[in-house]
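Data block below; observations after.
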Amino acid sequence: GDRGTAVGAGSVTPYLLALGCLLLLPTLDDHWHRRVFDSALWKANQAADPLWPDRLCMVDDLLANVTFVGLPQARVVELLGPGDKDRVRNGWDVVYGLGPERGAFRIDEEALAMRFSPEGRVVEYRILVD
């Protein structure tokens, strides 16, 4: 009969709701923590809340409002500071640690990495997760 099907579907719903919350909450969490970019706070790189350091909260606003490609390195340093020497890796000239990866598990670290042309202008930038 049709009743068996209805009961089966009903028992799945709580799981789907729970899964939905699990996937949605980190996104909302990220959204709630977003802040307007502030150069001084970025350079100070403080983490009053270790899960949501200032840089992690400001990076979306920064990337939404600053066109990095073509920007001279001096301007980048003026805006963001010299970068984190201990984080530089192959192919990237400057790396800024952001904080724990946004999402459900937050095991890895996010970093903003940039590469400069021989003339000292940004040719590429990316948020790395590792």
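The residue from H33, R102, R35 that alone fulfils the side-chain hydrogen bond (donor to acceptor under 3.5 Å, both in side chains) condition with D60 is R102.
Looking at heavy atoms from C-beta onward, V88 lies out of side-chain contact with D84 at the 4.5 angstrom threshold.
Minimum interatomic distance between V95 and A113 (heavy atoms only, all atoms of both residues): CG2-CB, 4.0 Å. Between I107 and E101, the closest heavy-atom pair is N-OE1, 4.1 Å.
Atom CZ of R115 sits about 13.5 Å away from atom OH of Y125, to the nearest 0.5 Å. Annotation: the span from L98 atom CG to C57 atom SG amounts to 10.0 Å, rounded to 0.5 Å. Atom-to-atom distance recorded for W92:CH2 and F116:CZ is 11.0 Å, nearest 0.5 angstrom. R126 CZ to L63 CG: the interatomic distance, rounded to the nearest 0.5 Å, is 13.0 Å. A distance of 9.0 Å separates CD in E109 from CG in L56, rounded to the nearest 0.5 Å.
Using modelled atom types, one side-chain atom of K43 and one backbone atom of E78 make a donor-acceptor pair closer than 3.5 Å. For R34 (side chain) and D61 (main-chain N/O), no donor-acceptor pair under 3.5 Å exists by modelled atom type. With S39 contributing its side chain and L79 its backbone, the two residues share a donor-acceptor pair below 3.5 Å. D54 places no side-chain N or O within 3.5 Å of a backbone atom of N45 that could act as its donor or acceptor partner.
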Practice task
Please lay out, stage by stage, how V36 and M58 fare under the test side-chain contact (heavy atoms from CB on, under 4.5 Å).
Solution key: CA-CA 6 Å; V36 173; M58 295 187 293; over 6 Å; no

